[in-house]
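For reference, the structure discussed in these notes is given below.
Just so it is clear: chains get the letters A, B, ... in the order the sequence lines come, proteins before strands, and each one is counted from 1. What's counted below: heavy atoms across the whole structure, side chains too, no hydrogens, waters or symmetry copies.
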Amino acid sequence: MLYIHNSFTKQKDLFTPITPGKINMYVCGITVYDYCHIGHARTVLAFDVMYRYLLARGFEVNYVRNITDIDDKIIKRAHENKESVETLVDRFILAMHEDFAALGAQSPSQEPRATQTIPQMIAMITTLIANGYAYVAKNNDVYYHVRKFASYGALSHRKLDDLCVGARVDVNEDKQDPLDFVLWKAAKPGEPSWPSPWGLGRPGWHIECSAMATDILGETLDIHGGGHDLVFPHHENERAQSEGATGKHFVNLWIHTGFVEVDAEKMSKSLGNFFTIRDVLKTFDAQTVRFFLISSHYRSPVNYSQENLQQARACCERLYLALRCRKLSEVELDENNAYVKRFYAAMDDDFNTPEALSVLFDLAREVNIASSLDSSHADELASVLKQLAGTIGLLSLAPEVFFQQTSKPSANLDALSNDAIEQLIADRKAARLAKDFAKADAIRNELLDKGVILEDNATGSCWRRS
RNA sequence: GGCUGGGUGGCAGAGUGGUCAUGCAGCGGCCUGCAAAGCCGCGUACAUCGGUUCGAUUCCGUUCCUAGCCUCCA
């Protein structure tokens, strides 16, 4: 029994796929005109966790995430950079793929681009005009007549009349109503454009997603998601477009993710308080970033700070330490296992990752206790831990690989090579055998200064970078 | 102004009408040549004021604070 919070109903709804065992999920992706920041990472990883978990629970998931590769900001940026729209877009799509891959996010099943879905958009707009929901203005723009769609505002829980008050209303004499939004923009000189029944032009933002989603996944989606800032107007408009065109219920479950904040403010480009994914990954490893971003619930805000990332790193270390020196094997997760049961219960309750993480920590303690008592039992528990964590993309590295990464950028400058570390450890071992503890401690302190922590055990010494 | 959320221990962050979150940091102990890691233990947390209740951090209302959306935005 999987319960997911639905923005439409504002409560946790029992999730039932349209086709048993199969889920179609559409997530609004990125407008590609700049590098992705950690706020984008939050949303991408939130849905990556859902995707992985749903797959792990045996669902077949068709996960579609679009790319907006034509809009005002792209055109503006390309012009500023004195490059073509194509060059700009190609560059940032490549960067986005690099960044998401570096974060360990799985690729979506399909990743449609707006400019490759133009005919479907034109078809949908044509239908909307025929159905009386849209009109062609004098300037050859096509607009959606918001007041014709009876349930407009139902998703974002606002009334049309409230929208007018206080908001900066777009003054546009071509619109019949200030709230109407554009479906098709007539081309201006020098802008990319496509032929249409209304002349050369390009699509409005909202129609892209309606067209791509219904084209690939059908008229009704199981899940549609995105960042919380997309609820209004983007998703509200998508509903109006899709349902106005198809006459069918568009989305069963709306999922929206909370923001990354900096000093308790939303991270955004206009505030200039954003950190790009590639910059953050220079300082913190991908597992730490993932842990940080899922250590609070996906609908809650998460505050970006060095301190919080460092805490996340320490948490990851604790989990990885439980795996170290264990013989890990592929195991089938048994739903009767108490930890598996608790973990699934947490995730089935609106993807409660903080609760699920607490189960992983409890299991890690169990591994640590078992490690000195019953090694093979500890190995089994550790294998379950790794497998369970894997369902949300954690503990995916070999422990020694994780520990050979450092989270301190300054340490990279004069970092010792693995071979040099091993040599010093060998020297220290000789000193210890000779009971020359002063020398042994000197070597250990030298390593510590270089960011390497030593841990002695029965067979020798383990090391890890701090 | 309208409409949504949120205020939990030094920090992060779940949750619940009545013995436990969990992690980081701190303190004490065990272990260790000494450490580290680990294990065990410790710390009068639930913004405010009222109300409901045998009992509220949890339900209801007040106040204060705070974030977001109403304009492009993950």
Side-chain angles (χ1 to χ4, degrees), chain A residues 7 10 27-31 33 36-47 65 68 71-73 76 153 156-159 161-170 179 205 225-234 236 256-261 264-271 274 291-292 295-297 299-303 305 307-319 321-322 324-325 342 346 349 352-362 364-365 367-369 371-373 432 435-438 440-441 444-445 448 453-458 461-464 466:
Chain A
S7 304
K10 292 203 285 187
V27 176
C28 285
I30 308 296
T31 301
Y33 69 101
C36 293
H37 59 64
I38 207 72
H40 298 118
R42 210 284 169 94
T43 296
V44 165
L45 288 180
F47 285 102
R65 186 181 63 212
T68 296
D71 94 329
D72 292 350
K73 289 191 295 298
K76 181 166 176 271
S156 52
H157 308 286
R158 52 192 85 197
K159 297 172 191 140
D161 295 332
D162 292 342
L163 292 174
C164 307
V165 184
R168 197 191 82 194
V169 176
D170 185 11
L179 294 174
W205 177 37
H228 198 255
D229 45 1
L230 299 183
V231 177
F232 189 89
H234 186 53
E236 195 70 73
H256 293 101
T257 56
F259 299 130
V260 175
E261 298 177 350
E265 270 187 322
K266 177 185 172 185
M267 181 181 289
S268 71
K269 293 187 177 162
S270 55
L271 285 168
F274 64 92
F291 189 100
F292 164 66
S295 63
S296 62
H297 186 86
R299 281 188 284 111
S300 304
V302 57
N303 197 41
S305 73
E307 293 71 30
N308 290 346
L309 263 307
Q310 268 153 15
Q311 274 198 21
R313 167 74 188 191
C315 291
C316 285
E317 285 177 358
R318 174 162 170 83
L319 291 176
L321 281 167
R324 194 166 61 168
C325 305
R342 281 175 57 204
D349 181 16
N352 190 336
T353 49
E355 184 78 31
L357 292 175
S358 79
V359 177
L360 298 183
F361 283 110
D362 286 346
R365 170 176 292 110
V367 172
N368 291 333
I369 292 171
S371 65
S372 60
L373 302 173
R432 290 182 74 207
K435 302 275 186 208
D436 184 354
F437 293 121
D441 290 352
R444 188 170 62 197
N445 286 333
L448 193 59
I453 297 169
L454 282 196
E455 292 169 19
D456 298 334
N457 56 40
S461 301
C462 295
W463 64 273
R464 59 192 165 95
S466 61

- Task: Take nucleotides 28-40 of chain B nucleotide by nucleotide from the 5' end and write B, S or -, depending on whether a protein heavy atom sits under 4.0 Å from the base, only from the sugar-phosphate, or from neither.
- Result: -----BBBBSSSS
- Note on the structure: The contact string for nucleotides 8-16 of chain B, one letter per nucleotide 5' to 3', using protein heavy atoms under 4.0 Å with B, S and - for base, sugar-phosphate only and none, comes out as ---BSSSS-
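Of the possible donor and acceptor atoms, one in the side chain of A:Glu236 sits under 3.5 Å from a partner among the backbone N and O of A:Gly153.
Partners of A:Arg42 by salt bridge (Lys or Arg N to Asp or Glu O under 4.0 Å), not counting sequence neighbours: none found. A search for ring pair (Phe, Tyr, Trp, His ring centres under 6.0 Å) contacts involving A:His228 returns nothing, not counting sequence neighbours. Applying the side-chain hydrogen bond (donor to acceptor under 3.5 Å, both in side chains) criterion to A:Ser7, with sequence neighbours excluded, gives A:His256. Under the rule for a salt bridge (Lys or Arg N to Asp or Glu O under 4.0 Å), the partners of A:Asp456 that lie at least two apart in sequence or sit in another chain are A:Arg428, A:Arg432. Residues passing the salt bridge (Lys or Arg N to Asp or Glu O under 4.0 Å) test with A:Glu455 are A:Arg324, A:Arg464, sequence neighbours excluded. Qualifying salt bridge (Lys or Arg N to Asp or Glu O under 4.0 Å) partners for A:Asp349, counting only residues two or more places apart in sequence or in other chains: A:Lys12. Residues passing the side chain to side chain contact (heavy atoms under 4.5 Å, CB included) test with A:Asn445, sequence neighbours excluded: none. A:Glu355 is linked by a side-chain hydrogen bond (donor to acceptor under 3.5 Å, both in side chains) to nothing, counting only residues two or more places apart in sequence or in another chain.
Within 4.0 Å of A:Val44, counting heavy atoms only, lies no atom of the nucleic acid at all. Note on A:Gly226: only backbone sugar-phosphate atoms sit closer than 4.0 angstrom, heavy atoms only; bases stay farther off. Note on A:Glu261: only backbone sugar-phosphate atoms sit closer than 4.0 angstrom, heavy atoms only; bases stay farther off. Residue contacts for A:Lys435: at a heavy-atom cut-off of 4.0 Å it reaches no nucleic acid atom on any strand shown. Heavy atoms of A:Asp72 sit nowhere under 4.0 angstrom from any nucleic acid atom. Residue A:Gly29 is classed as a sugar-phosphate contact, given heavy-atom separations below 4.0 Å to backbone atoms only. Counting any heavy atom pair closer than 4.0 Å across all strands shown, A:Ile30 reaches sugar-phosphate atoms only and no base atom. Within the nucleic acid shown, A:Phe259 comes within 4.0 Å of at least one base atom, counting heavy atoms only.
Taking the charged nitrogens against the carboxylate oxygens, A:Lys73 and A:Asp71 do have a contact shorter than 4.0 Å, which makes a salt bridge.
Within the 4.0 Å cut-off from OP1 or OP2 of B:rC69, at least one side-chain nitrogen or oxygen of A:Lys266 is found.
By the 4.5 Å heavy-atom criterion applied to side chains, A:Leu357 and A:Leu360 are counted as neighbours.
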Between the protein and nucleotides 45-47 of chain B, list every N/O to N/O distance that falls short of 3.5 Å.
none

- Message: In dot-bracket form, 5' to 3', how is RNA chain B paired? Count Watson-Crick and G-U wobble pairs only if both distances fall under 3.5 Å, and write | where the partner sits on another strand.
- Response: (((((((..(((.....[...))).(((((.......)))))....(.(((..]....))).))))))))....
